[in-house]
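Each residue takes its place number in the sequence, starting with 1. Everything quoted here is computed from the prediction, not taken from an experiment.
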Amino acid sequence: MQELLKDILFAVITAAVPVLTAYLVVLIRKLGENAAANTENVKAKGYITETVEAIDAAVAATNQTYVDALKNAGKFDAAAQREAAKKALAACLQSISPAAQRFIESVYGDIREYLTTRIEAEVRKQKGEAALSLSTPVFGELVRTVETTVEKTEE
């Protein structure tokens with residue numbers, strides 16, 4: 001009887017091993033695909049972060065070294081704006097790694113067009129932040145004035 005049970009158990013194990021091995025191979029392949037996808041996502045995030053930082057730095061540097069001087073001299077016209085955009089684009093292209101440039105081109109197409117659009121958006125964003133920081137003390141003064149008026153009214 002024991003011999004029969006051993007034979008049955010051996011037959012079951014012999015049949016189960018190839019099936020389990022097939023499932024294990026599929027599982028390992030899926031894990032490998034997921035790891036590759038996660039690696040690509042990490043790389044993509046890194047390239048996007050690198051590009052965003054390059055755009056931010058290029059716009060800030062162009063504003064600081066070129067635009068501000070022309071604005072102070074009263075010479076910032078349409079031609080100067082185009083020149084500033086060219087300078088920001090050139091600075092941005094120099095600071096983005098070749099791998100990130102290839103990634104942007106593969107995902108978005110023409111890198112110059114993509115960066116030009118992003119630079120314009122960053123200029124608008126930085127202008128808004130500058131306007132907000134300039135108006136903050138005025139807003140703070142307005143709040144203090146309202147608080148003073150309310151306190152006087154309550155007395």
query = Can you check side-chain contact (heavy atoms from CB on, under 4.5 Å) on Tyr114 and Thr51, steps first, answer last?
reply = CA-CA 11 Å; Tyr114 173 79; Thr51 303; 4.1 Å; yes
task = Take Ile104 and Ile48 through the side-chain contact (heavy atoms from CB on, under 4.5 Å) test and state the conclusion after the steps.
result = CA-CA 8 Å; Ile104 291 169; Ile48 291 169; over 6 Å; no
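The side-chain heavy atoms of Glu50 and Ile96, taken from C-beta on, include a pair separated by under 4.5 Å. Inter-residue side-chain proximity for Glu83 and Tyr66 is flagged as met; some heavy-atom pair is nearer than 4.5 Å.
By the 30° and 60° cut-offs, the orientation of the rings of Phe103 relative to Tyr108 is perpendicular.
Atom CD of Glu122 sits about 7.5 Å away from atom CD1 of Ile55, to the nearest 0.5 Å. Here the straight-line distance linking atom CG of Asp56 with atom CD1 of Ile119 works out to 11.0 Å at 0.5 Å rounding. In this structure, SG in Cys92 is found 7.5 Å from CD1 in Ile111, a value given to the nearest 0.5 Å. Summarising the geometry, atom CD belonging to Gln101 is positioned 9.0 Å from atom CZ belonging to Arg112; distances are rounded to the nearest 0.5 Å. Remark: Leu89 CG to Thr116 OG1 distance equals 4.5 Å, nearest 0.5 Å. Between the CD atom of Gln81 and the NZ atom of Lys86 there is a distance of 13.0 Å, given to the nearest 0.5 Å.
Taking every heavy atom of both residues into account, Ala84 and Thr62 meet most closely at O-CG2, 3.5 Å.
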